[in-house]
There are 2 protein chains.
Amino acid sequence: MAAGLDELAHLAVRHSGTPREMSFTTASTLSRLEHEGARRLTSLAADEGVAQPSMTQLIQRLERQGFVERHRDPDDRRVVWVSISEAGRGLLADRRGSRAARMAELLATLPAQEEAALSAAVLAALPVIRKLAERHPGTGDPPPG
Amino acid sequence: MAAGLDELAHLAVRHSGTPREMSFTTASTLSRLEHEGARRLTSLAADEGVAQPSMTQLIQRLERQGFVERHRDPDDRRVVWVSISEAGRGLLADRRGSRAARMAELLATLPAQEEAALSAAVLAALPVIRKLAERHPGTGDPPPG
DNA sequence: ATGCCTATATAGGCCGCCTATGGGTTTGGC
DNA sequence: GCCAAACCCATAGGCGGCCTATATAGGCAT
């Protein structure tokens with residue numbers, strides 16, 4: 001069974017489209033900024049499980065591309081607050097839309113019987129996999145909720 | 001249901017350990033060399049879905065690290081044959097061992113009922129997911145068989 | 001004021017991917 | 001036999017994404 005689970009993980013990584021369009025950390029950071037509002041650079045780095053200079057570089061790139069904004073804290077001028085821009089929200093929306101569309105298109109190719117079987121399997125597996133994921137060191141912590 | 005499948009793929013990518021230890025392409029290329037024997041650089045690049053210079057660079061690094069060997073074809077001196085070394089086989093064996101150990105350790109934390117549910121779900125999902133993966137553009141083609 | 005701590009930036013290095021281009025090697029038409 | 005086209009691989013140069021070590025600048029406490 002472990003072999004089957006391993007193969008599924010393998011297929012997920014191979015076909016996830018990451019990092020063809022955008023790296024996992026980039027997407028996760030943007031999504032976090034959308035859901036949690038303005039964040040400090042260091043705490044972003046900690047939550048995403050990358051070193052602080054890596055986050056500095058990522059945010060600089062996203063700022064250059066117009067997807068986030070940076071503001072110095074007037075009360076503590078060492079601190080940088082990072083927030084998502086309208087363009088950033090648009091980027092996330094586009095990504096989600098195209099992902100969902102591809103997924104729907106793919107699922108539509110399945111005969112009803114197989115789709116039902118897959119649906120049942122996903123629903124059964126999801127809570128168990130979530131539990132396993134909590135106990136396994138990954139790349140950063142998921143956003144709360 | 002698409003949302004659940006998407007979440008599962010997300011968790012798989014997040015917790016796969018790629019590319020913390022070794023990139024997907026690197027592992028896949030080494031594994032292909034192990035199973036298929038000596039291969040030419042260009043055909044390796046095509047099968048792995050990367051550009052030829054990327055494969056040249058990857059193979060140069062793997063050769064430097066001692067995991068593959070390169071030989072020019074005496075009958076067509078343009079051609080380079082790439083094969084896995086003993087150290088390369090050892091690397092793959094170690095990786096598989098540690099992956100399997102982590103997976104087993106993780107699964108051992110589940111109550112028997114949940115493990116049975118997960119096992120059933122995986123067995124039910126696997127053939128359907130395989131079918132979907134064939135219809136979806138990924139990073140290169142899987143090795144035949 | 002001095003010296004410590006904190007928050008971010010910079011320097012430098014490696015992997016992993018790309019396009020464009022260069023340099024040998026065959027091959028095929030003539 | 002020769003030369004051009006086709007082929008295989010290497011190199012150059014660039015960007016994303018990650019790291020450690022170190023610098024810079026601001027805040028804080030004695």
Side-chain angles (χ1 to χ4, degrees), chain A residues 13-14 16-30 32 38-83 91 95 137-140, chain B residues 13-14 16-30 32 38-83 91 95 137-140:
Chain A
V13 173
R14 179 191 286 274
S16 65
T18 310
R20 186 143 305 202
E21 25 184 304
M22 180 185 289
S23 83
F24 182 83
T25 300
T26 301
S28 173
T29 300
L30 265 184
R32 187 182 296 274
R39 295 291 313 272
R40 293 181 23 182
L41 239 165
T42 306
S43 68
L44 268 182
D47 285 352
E48 294 295 336
V50 300
Q52 168 261 313
S54 307
M55 187 53 68
T56 290
Q57 192 187 27
L58 169 58
I59 294 303
Q60 284 174 344
R61 184 164 10 94
L62 289 176
E63 184 186 29
R64 188 170 11 102
Q65 295 169 333
F67 298 131
V68 304
E69 294 160 3
R70 288 159 30 108
H71 301 286
R72 289 218 100 93
D73 187 326
D75 292 342
D76 185 342
R77 298 184 42 210
R78 296 169 299 182
V79 170
V80 170
W81 290 94
V82 184
S83 51
L91 180 66
R95 264 178 58 85
T139 303
Chain B
V13 173
R14 180 191 284 276
S16 65
T18 311
R20 188 141 302 205
E21 26 184 302
M22 180 186 287
S23 83
F24 184 82
T25 300
T26 302
S28 173
T29 300
L30 266 184
R32 188 181 297 273
R39 295 291 312 274
R40 293 180 22 183
L41 237 164
T42 304
S43 68
L44 266 183
D47 284 352
E48 295 295 336
V50 300
Q52 168 262 313
S54 307
M55 186 54 68
T56 291
Q57 191 187 26
L58 169 58
I59 294 303
Q60 284 174 343
R61 184 165 10 96
L62 288 176
E63 184 186 27
R64 188 167 15 100
Q65 295 169 333
F67 297 131
V68 305
E69 293 160 3
R70 288 159 28 111
H71 302 286
R72 289 217 99 93
D73 186 326
D75 292 342
D76 184 343
R77 296 183 45 209
R78 296 170 297 182
V79 170
V80 170
W81 291 95
V82 183
S83 51
L91 181 65
R95 263 178 58 85
T139 304

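- Residues satisfying the side-chain contact (heavy atoms from CB on, under 4.5 Å) criterion with A:Thr18, sequence neighbours excluded, are A:Ser16, A:Phe24.
- Distance from the side chain of A:Pro53 is smallest to C:dA9 among C:dG16, D:dC18, C:dA9.
- Looking at heavy-atom distances under 4.0 Å, B:Ser54 makes contact with a base.
- Residue A:Gln60 is classed as a sugar-phosphate contact, given heavy-atom separations below 4.0 Å to backbone atoms only.
- Legend: residues meeting side-chain contact (heavy atoms from CB on, under 4.5 Å) with A:Gln57, ordered by chain and number and at least two apart, are absent.
- Between A:Arg78 and D:dG27 there is no side-chain polar atom (N or O) within less than 4.0 angstrom of OP1 or OP2.
- For A:Ser23, the side-chain atoms get nearest to D:dC18 when compared with the rest of D:dC18, D:dC9, C:dT8.
- Look at CD on A:Gln57: it is 14 Å from C1' on D:dG14, rounded to the nearest Å.
- Considering only side-chain N and O atoms, B:Thr25 lies nowhere under 4.0 angstrom from the phosphate OP1 or OP2 of C:dG16.
- OP1 and OP2 of C:dC14 both lie 4.0 Å or more from every side-chain N or O belonging to B:Arg61.
- In this structure, CG in A:Leu30 is found 11.5 Å from OG1 in A:Thr25, a value given to the nearest 0.5 Å.
- Comparing D:dC19, D:dC8, C:dA7 by their nearest atom to the side chain of A:Thr42 picks out C:dA7.
- If one axis is set at each end of the helix from C:dA1-D:dT30 to C:dC30-D:dG1 from five pairs, those axes are 20° apart, to 10°.
- Taking atom CG on B:Asp75 and atom C1' on C:dG24, their separation rounds to 17 Å, with Å as the unit.
- OP1 and OP2 of D:dA25 both lie 4.0 Å or more from every side-chain N or O belonging to A:Arg77.
- Comparing atom distances between the A:Ala51 side chain and each of D:dT20, C:dC15, D:dT11 picks out D:dT20 as nearest.
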Report task. Quick one: do A:Gln52 and A:Met55 satisfy side-chain contact (heavy atoms from CB on, under 4.5 Å)? Show the steps, please. Result -> CA-CA 5 Å; A:Gln52 168 261 313; A:Met55 187 53 68; 5.7 Å; no
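- Residue pairs meeting the side chain to side chain donor-acceptor pair (under 3.5 Å) criterion with at least one member in residues 40-49 of chain A, sequence neighbours excluded: A:Ser28-A:Glu48, A:Arg32-A:Glu48, A:Arg39-A:Ser43, A:Arg39-A:Asp47.
- Of the residues in residues 65-74 of chain A, those lying under 4.0 Å from DNA chain C by heavy-atom distance are A:Arg70.
- Separating the CE atom of A:Met55 from the P atom of C:dT8 is a distance of 11 Å, rounded to the nearest angstrom.
- The nearest whole Å value for the distance from the CG atom in A:Asp76 to the P atom in C:dA7 is 8 Å.
- Atom CG in B:Leu30 sits roughly 11 Å away from atom P in C:dG16 (whole-Å rounding).
- In this model, no side-chain donor or acceptor of A:Gln52 finds a partner on the base of C:dA7 within 3.5 Å.
- Across every non-hydrogen atom of B:Leu41 and B:Thr56, the tightest pair is CD2-N, 3.5 Å.
- Taking atom CH2 of A:Trp81 as the reference point, atom C1' of D:dG26 lies 16 Å away to the nearest angstrom.
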Please output the side-chain donor-acceptor pairs of residues 66-77 of chain A that fall under 3.5 Å, not counting sequence neighbours, one pair per line with the distance.
| residue | atom | partner | partner atom | Å |
| --- | --- | --- | --- | --- |
| A:Arg70 | NE | A:Glu63 | OE1 | 3.2 |
| A:Arg72 | NE | A:Arg77 | O | 2.9 |
| A:Arg72 | NH2 | A:Arg78 | O | 3.2 |
| A:Asp73 | OD1 | A:Asp75 | N | 2.7 |
| A:Asp73 | OD1 | A:Asp76 | N | 3.3 |
| A:Asp73 | OD2 | A:Trp81 | NE1 | 3.0 |
| A:Asp76 | OD1 | A:Arg78 | N | 3.2 |
| A:Asp76 | OD1 | A:Arg78 | NE | 3.0 |
| A:Asp76 | OD2 | A:Arg78 | NH2 | 2.8 |

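- Residues B:Thr26 and B:Arg61 form a side-chain contact, since some pair of their non-hydrogen atoms from C-beta on lies under 4.5 Å apart.
- Between the CD1 atom of A:Ile59 and the C1' atom of C:dT10 there is a distance of 17 Å, given to the nearest Å.
- Side-chain N/O atoms of B:Thr56 include one lying less than 4.0 angstrom from OP1 or OP2 on D:dA10.
- The OG1 atom of B:Thr29 sits 7.5 Å away from atom CG of B:Leu62, with the distance rounded to the nearest 0.5 Å.
- When the C1' atom of C:dA9 is taken as reference, atom CG of A:Leu58 falls 15 Å away, rounded to whole Å.
- Here the closest heavy-atom approach between residue B:Ala27 and residue B:Arg95 is recorded as CB-NH2, 3.8 Å.
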